[in-house]
K.L.:
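Submitted below is the structure of interest, expressed as structure tokens.
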Amino acid sequence: MKKYPQKKEKNSLPGEEKNSSEAAKPASFFEVVYKLVRKVPKGRVTTYGAIAEAAGIRLSARMVGWAMNGAGRVRPAVPAHRVVNRNGMLSGKQHFATPTLMEELLAQEGIIVKNDKIENFKAVYWEPGSPKTKSKK
DNA sequence: TTGTTGACCGAGT
DNA sequence: AACTCGGCCAACA
């Protein structure tokens, strides 16, 4: 008998919750994070903090990382390789299928990675919710 | 059940 | 300048 998890937990990470009828309000920032990351244009990168802030959880940027943990199993696939830390370092590359996958993916998009760090990080940095003409800050 | 860790960020020392 | 600590939420032991 399983006495461990008593929660309704089926698979550890969300993103595949049951869609009874409609996602009224999952309230899971995981989905919000996925959506935001998916919005990242090709050849562009963003940071966990930026996503967290866009998701409304600036203080919980760490959770964004956890959310990315399930990004590999969520459909459509989330370009987690476009998400780096504040230093522009590929901190999560170790969590990919292969530690070099992230670099290669970025390289394919024209992003130059040097020593696990993105060159011209500021140039390729993309801010979620900014592509629009909305400049309110 | 409690306690620790975590793909982070920011401030303080 | 480098290191330490706090904070948020969730999953794991």
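Below, read A as the first sequence line, B as the second, and so on, with proteins coming before strands; counting in each chain starts at 1.
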K.L.:
Which whole-number value in Å describes the distance from A/Q94 CD to B/dG6 P?
P.N.:
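Checked: the CD to P distance equals 13 Å.
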K.L.:
What ring pair (Phe, Tyr, Trp, His ring centres under 6.0 Å) pairs are there with at least one residue in residues 82-121 of chain A, not counting sequence neighbours?
P.N.:
A/F121-A/Y125
K.L.:
Quick check on side chain to side chain contact (heavy atoms under 4.5 Å, CB included): which of A/V45, A/N120, A/V84 does A/I111 satisfy it with?
P.N.:
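That would be A/V45; it is the only one of A/V45, A/N120, A/V84 passing the side chain to side chain contact (heavy atoms under 4.5 Å, CB included) with A/I111.
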K.L.:
Over all strands shown, is A/A52 touching base, sugar-phosphate only, or nothing at heavy-atom distances under 4.0 angstrom?
P.N.:
nothing
K.L.:
How many whole angstroms separate atom OH of A/Y125 from atom P of B/dC9?
P.N.:
10 Å
K.L.:
Could you tell me if the side chain of A/M68 sits less than 4.5 Å from the side chain of A/Y34, heavy atoms only?
P.N.:
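A/Y34 reaches A/M68 side chain to side chain.
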K.L.:
Between C/dA11 atom C1' and A/R73 atom CZ, what is the distance in whole Å?
P.N.:
12 Å
K.L.:
On a whole-Å scale, what distance lies between the P atoms belonging to C/dC5 and B/dT4?
P.N.:
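Pairwise P distance, C/dC5 against B/dT4, rounds to 15 Å.
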K.L.:
To the nearest Å, how far apart are A/R86 CZ and B/dC8 C1'?
P.N.:
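One finds 11 Å between C1' of B/dC8 and CZ of A/R86, rounded.
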K.L.:
Polar atom pairs between nucleotides 5-8 of chain C and protein, under 3.5 Å, N or O only, would you list them?
P.N.:
unit_1, atom_1, unit_2, atom_2, d
C/dG7, O6, A/R62, NH1, 3.4
C/dG7, O6, A/R62, NH2, 3.1
C/dC8, O2, A/L59, O, 3.1
C/dC8, N3, A/R62, NH1, 3.1
C/dC8, N4, A/R62, NH1, 2.9

K.L.:
Does A/K114 have any side-chain contact (heavy atoms from CB on, under 4.5 Å) partners at least two apart in sequence or in another chain, and if so, which?
P.N.:
A/E119
K.L.:
Would A/V83 end up clustered with A/F30 when hydrophobic side chains under 4.5 Å apart are linked, directly or stepwise?
P.N.:
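Yes; A/F30 is reachable from A/V83 via cluster members.
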K.L.:
With distance as the sole criterion, is a donor-acceptor pair present between the side chains of A/E109 and A/H81 under 3.5 Å?
P.N.:
yes
K.L.:
Can you tell me, in whole Å, how much space there is between the P of B/dT5 and that of C/dT4?
P.N.:
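Their P atoms lie roughly 15 Å apart.
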K.L.:
Specify the separation, in whole Å, of atom CH2 of A/W66 and atom C1' of C/dC12.
P.N.:
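In whole Å, C/dC12 C1' and A/W66 CH2 are 8 Å from each other.
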K.L.:
Output the single nucleotide from B/dC9, B/dA7, C/dA10 whose closest atom is nearest the side chain of A/F96.
P.N.:
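The listed nucleotide nearest to A/F96's side chain is B/dA7.
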K.L.:
Is it true that, when you exclude A/R58 itself, more than 12 heavy atoms of the residues, nucleotides or ligands shown sit nearer than 6.0 Å to its CZ?
P.N.:
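Count not over threshold, so no.
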K.L.:
Please state how far atom NE2 in A/H95 lies from atom P in B/dA7, giving the value in whole angstrom units.
P.N.:
4 Å
K.L.:
Could you tell me the separation between the CE atom of A/M68 and the P atom of B/dC9, rounded to a whole number of Å?
P.N.:
13 Å
K.L.:
Could you check how far CZ of A/F30 sits from P of C/dA10, rounded to whole Å?
P.N.:
7 Å
